[in-house]
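Here the structure is laid out as structure tokens; the discussion comes afterwards.
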Amino acid sequence: MTQSQDTYWMREALSLAGSAQYRTRPNPAVGCVIVKDGQIIGRGATAPVGGSHAEVFALAQAGEHANGATAYVTLEPCAHYGRTPPCAEALVKAKIARVVIATLDPNPLVAGKGQQILQDAGIHTTVGILEKESLALNQGFMKVMSGGLPYVRLKVAASLDGRTAMASGESKWITGDDARQDVQHWRAISGAVITGVDTILADDAQLNVRQLIDAETGAEIDLNQVVQPYRVILDRQVRLPLSAQLLNQPTTVIVMTPYRAELEALGVIQLPVQSLSELLQTLKSQYQIYDVLVESGATLATSFLRDGLVDELIQYIAPKYLGQSARALNQFEFDEMRQSIDFELFDVKRIGQDIRLRLKPIVGNFEKPPA
């Protein structure tokens, strides 16, 4: 099999993984195709938590024809017993001849063990085909399993002159319908959406996933197949009103606040006031939240950037001016160019009449911004 053929079949597996990305949290989204004589004989993608892994579905479809075939998997087959048996052993039992793996799994329970099981059984393995694309599908999982905090995406929307709201606080709507629809995707792949209480007070935002459109087909995705994110509200001064819309679904709400008996009575999860890094650690260790979307005003956005906690900035730019009296995108006050926060731009896309930029902060080339 040539590398170009491996790439072709791995793209098929990645497409399957992408179709599962809204339903699998906290598990990674994985796709698998089994190929024999130039034809796909089995397909699979990760089921919701407690269900089968991608390899199990693909092997069941392939049946006895899996003997001597090649399996393409977007993440190293698991090697441990959890809710399901090890997929690496299932591939061995099916007498697969070769396994092509996009990337190894940093989970300490796997971390090369799955590949070793395959190799010990005489199955040839190839690793690294479309690895970058595979990593992009499960950034939070990969980061946390490597020992890090959750992957943080900071979403902001601004005018051409870098303004986010009028001086009065009016902000509906800077961007158009298409850009707001695009945000639904980022919520849907996140374990939590974090905001400050000011956003709730200003907009009575619900911060849930209300409509999803398949990027490839344009079809609407059934929200019953989507794991809704937790809504995390930072409320240090006890200002969250009990009439807030998001409290209509209280069991998916986490509030960082001094204790409130009325929130406990509603079933809201309460966390003590803590630093942002401590909050991320809590979300990771106690709630298996690996991807976080920050949708907030300038104060909280600035805090996440100042603390070096942002992995990716998603900035929507609307083709309009709001004027110098409108509210600024952030609250930094720099005096010298060397204090600036620099970003690497890695994706630009037109979304309706707006532009979406995706950027990564360049770490280590700027002084820590002033508090």
Note to self: Going by the rule side-chain contact (heavy atoms from CB on, under 4.5 Å), which residues pair with Ser285 if we only count those two or more places apart in sequence or in a different chain?
What the structure shows: Gln281
Next item on the list: Check whether the side chains of Arg25 and Asn27 place a donor and an acceptor atom closer than 3.5 Å, and report yes or no.
Entry: no
Note to self: Let's go through Leu207 and Arg187 carefully: what are the C-alpha distance in whole Å and the side-chain angles of both, what is the deciding distance for side chain to side chain contact (heavy atoms under 4.5 Å, CB included) to 0.1 Å, and is it a yes or a no?
What the structure shows: CA-CA 8 Å; Leu207 302 175; Arg187 289 181 183 174; 3.8 Å; yes
Next item on the list: Kindly indicate whether the side chain of Tyr230, heavy atoms from C-beta on, has any atom under 4.5 Å from the side chain of Val193.
Entry: no
Note to self: Which residues pass the side chain to side chain donor-acceptor pair (under 3.5 Å) test with Thr282, not counting sequence neighbours?
What the structure shows: Gln274
Margin query: Going by salt bridge (charged side-chain N to carboxylate O under 4.0 Å, His left out), name the pairs with one or both residues in residues 236-257, residues two or more places apart or in two chains.
Written below: Asp198-Arg239
Next item on the list: Please list, chain by chain and in numerical order, all residues satisfying side chain to side chain donor-acceptor pair (under 3.5 Å) with Gln286, sequence neighbours excluded.
Entry: none
Pairs under 3.5 angstrom only: tabulate donor-acceptor contacts from the side chains of residues 29-41 to other protein residues two or more places apart or in another chain.
unit_1: Lys36; atom_1: NZ; unit_2: His65; atom_2: O; d: 3.1
unit_1: Lys36; atom_1: NZ; unit_2: Asn67; atom_2: O; d: 2.7

Notebook entry, point to check: If you measure from the Lys or Arg side-chain nitrogens to the Asp or Glu carboxylate oxygens, is any gap between Lys360 and Asp347 under 4.0 Å?
Noted result: no
Check: Among pairs that include at least one residue of residues 260-285, which meet salt bridge (charged side-chain N to carboxylate O under 4.0 Å, His left out), considering only residues two or more places apart or in two chains?
Finding: Asp235-Arg260, Arg260-Glu262
Margin query: I'd like to know if the side chain of Ser15 and the backbone of Arg11 have a donor-acceptor N/O pair within less than 3.5 Å.
Written below: no
Next item on the list: May I have all residue pairs that pass salt bridge (charged side-chain N to carboxylate O under 4.0 Å, His left out) and include part of residues 138-155, sequence neighbours excluded?
Entry: Lys143-Asp311, Arg153-Asp291, Arg153-Glu312, Lys155-Glu295
Next item on the list: Provide the full list of salt bridge (charged side-chain N to carboxylate O under 4.0 Å, His left out) pairs with a residue in residues 100-129, sequence neighbours left out, each pair given once.
Entry: none
Item checked: Results of side chain to side chain donor-acceptor pair (under 3.5 Å) for Asn248 - residues two or more places apart only -> none
Margin query: Quick check on side chain to side chain donor-acceptor pair (under 3.5 Å): which of Thr70, Thr125, Thr126 does Arg98 satisfy it with?
Written below: Thr126
Check: Taking ILVMFWY side chains as joined if any heavy atoms are under 4.5 angstrom apart, and letting links pass through other members, which residues group with Tyr151?
Finding: none
Notebook entry, point to check: Do the non-hydrogen side-chain atoms of Leu305 and Leu154 ever get within less than 4.5 Å of each other?
Noted result: yes
Next item on the list: Would you kindly say whether Trp186 and Asp182 are connected by a side-chain donor-acceptor distance under 3.5 Å?
Entry: yes
Next item on the list: With sequence neighbours left out, write down each residue that passes side chain to side chain donor-acceptor pair (under 3.5 Å) with Ser159, or none if nothing qualifies.
Entry: Asp161
Note to self: Just to verify, what does His185 make a ring pair (Phe, Tyr, Trp, His ring centres under 6.0 Å) with, not counting sequence neighbours?
What the structure shows: Tyr22
